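Because the structure is predicted, anything quoted here is derived from the model rather than measured.
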Amino acid sequence: MNAHPRRQFYSHYIYDLGEGASVSAAEYVKDVNKDNVVIIDGLTKNWRLPGWRCCWVLGPKPLINALSQAGGSLDGGANHVLQVAALPLLELERVKQDRIALQRHFKMKRDHVLARLEKIGLKVHTPPTSTFYIWLDLSQLPSPLNSGLVFFEELLKEKVIVGLDGFERLLSKIHSGVKDGKDVHDIVGKDLTESKA
């Protein structure tokens, strides 16, 4: 059997289908034992409980049996107390309320980040309609900052791993240095650019 696994860990992080919407590949499964679809979901993302490491799998019975045997042999699976504690989180009304709260919160954060990025001149060509990842286009930045790795290393120097304040400080530093007639290589550090050559 050639199964097609689909992870649904981000299925509640949807912003463009209406508040409370969710997506699932289960919608396309007609017969769980005949269709070559395996769905994996868990508490890690949608329920924001990464340390719990509690998940579930939907798929053909032979595959589920094999996974159960392998999982039981390897790590024993999630402990019973954790599984029991998770049950109230899966009640339908609670799931709906949590999904709406999650969407409102992360949509607000996404909109805030997009507005700040636009304000400091960093382009996002395709704003995300789901999850919480935003992909920046660094190509408009001067070399060597138009390289994702160099840009990241400069953020680390500013003591910012992920965050807009570091972007603003770094861009401000570059723009003021360029206005003063300095080469961007001098501004961000020759050692970085020479080590990448």
inquiry  = Evaluate Asn79 against Gln83 for side-chain contact (heavy atoms from CB on, under 4.5 Å), listing each step before the verdict.
reply    = CA-CA 6 Å; Asn79 68 62; Gln83 292 178 49; over 6 Å; no

Looking only at heavy atoms, what is the nearest atom pair of [X] and [Y], with distance?
{"X": "Ala85", "Y": "Pro88", "value": "O-CD, 3.3 Å"}
{"X": "Pro60", "Y": "Val37", "value": "CD-O, 3.8 Å"}
{"X": "Gln140", "Y": "Leu122", "value": "NE2-CA, 3.6 Å"}
{"X": "Leu117", "Y": "Val124", "value": "CD1-CG2, 3.8 Å"}
{"X": "Tyr15", "Y": "Arg110", "value": "CD1-NH1, 3.6 Å"}
{"X": "Asn46", "Y": "His12", "value": "OD1-N, 3.0 Å"}

Does any non-hydrogen side-chain atom of [Y] lie less than 4.5 Å from one of [X]?
{"X": "Lys123", "Y": "Leu136", "answer": "no"}
{"X": "Leu102", "Y": "Asp98", "answer": "no"}
{"X": "Tyr13", "Y": "Gln103", "answer": "no"}
{"X": "Val23", "Y": "Ile14", "answer": "yes"}
{"X": "Arg116", "Y": "Ile120", "answer": "no"}

task = Could you tell me whether a side-chain N or O of Asn33 sits under 3.5 Å from a main-chain N or O of Lys61, the two making a donor and an acceptor?
result = yes

ask   = Does any N or O in the side chain of Ser22 come within less than 3.5 Å of the main-chain N or O of Ser11, such that one atom is a donor and the other an acceptor?
value = yes

Tell me who clusters with [X], hydrophobic residues only, linked when side chains sit under 4.5 Å apart either directly or through other members.
{"X": "Tyr28", "answer": "none"}
{"X": "Val81", "answer": "none"}
{"X": "Trp52", "answer": "Leu43, Trp47, Leu49, Trp56, Leu82, Leu89, Leu90, Val95"}

Would you give the length of the straight line joining atom [atom1] of [X] to atom [atom2] of [Y], rounded to the nearest 0.5 angstrom?
{"X": "His112", "Y": "Lys107", "atom1": "NE2", "atom2": "NZ", "answer": "14.0 Å"}
{"X": "Gln97", "Y": "Leu92", "atom1": "CD", "atom2": "CG", "answer": "10.0 Å"}
{"X": "Leu138", "Y": "Ser143", "atom1": "CG", "atom2": "OG", "answer": "11.5 Å"}
{"X": "Glu154", "Y": "Leu149", "atom1": "CD", "atom2": "CG", "answer": "10.5 Å"}

key: Sequence-distant partners of His80, side-chain contact (heavy atoms from CB on, under 4.5 Å), two or more places apart   =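 His80: side-chain contact (heavy atoms from CB on, under 4.5 Å) contacts with Val84.
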
message = Take a 6.0 Å sphere around CD of Glu118 and say whether it holds more than 12 heavy atoms from other residues, nucleotides or ligands.
response =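 Not buried by this count: 12 neighbours or fewer within 6.0 Å.
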
task = Just jot down the salt bridge (charged side-chain N to carboxylate O under 4.0 Å, His left out) partners of Glu27, sequence neighbours excluded, or say none.
result = none

When the side chains of residues 126-134 are checked against the rest of the protein, which donor-acceptor pairs come out under 3.5 Å, sequence neighbours left out?
residue : atom : partner : partner atom : Å
Tyr133  : OH   : Tyr10   : OH           : 2.9

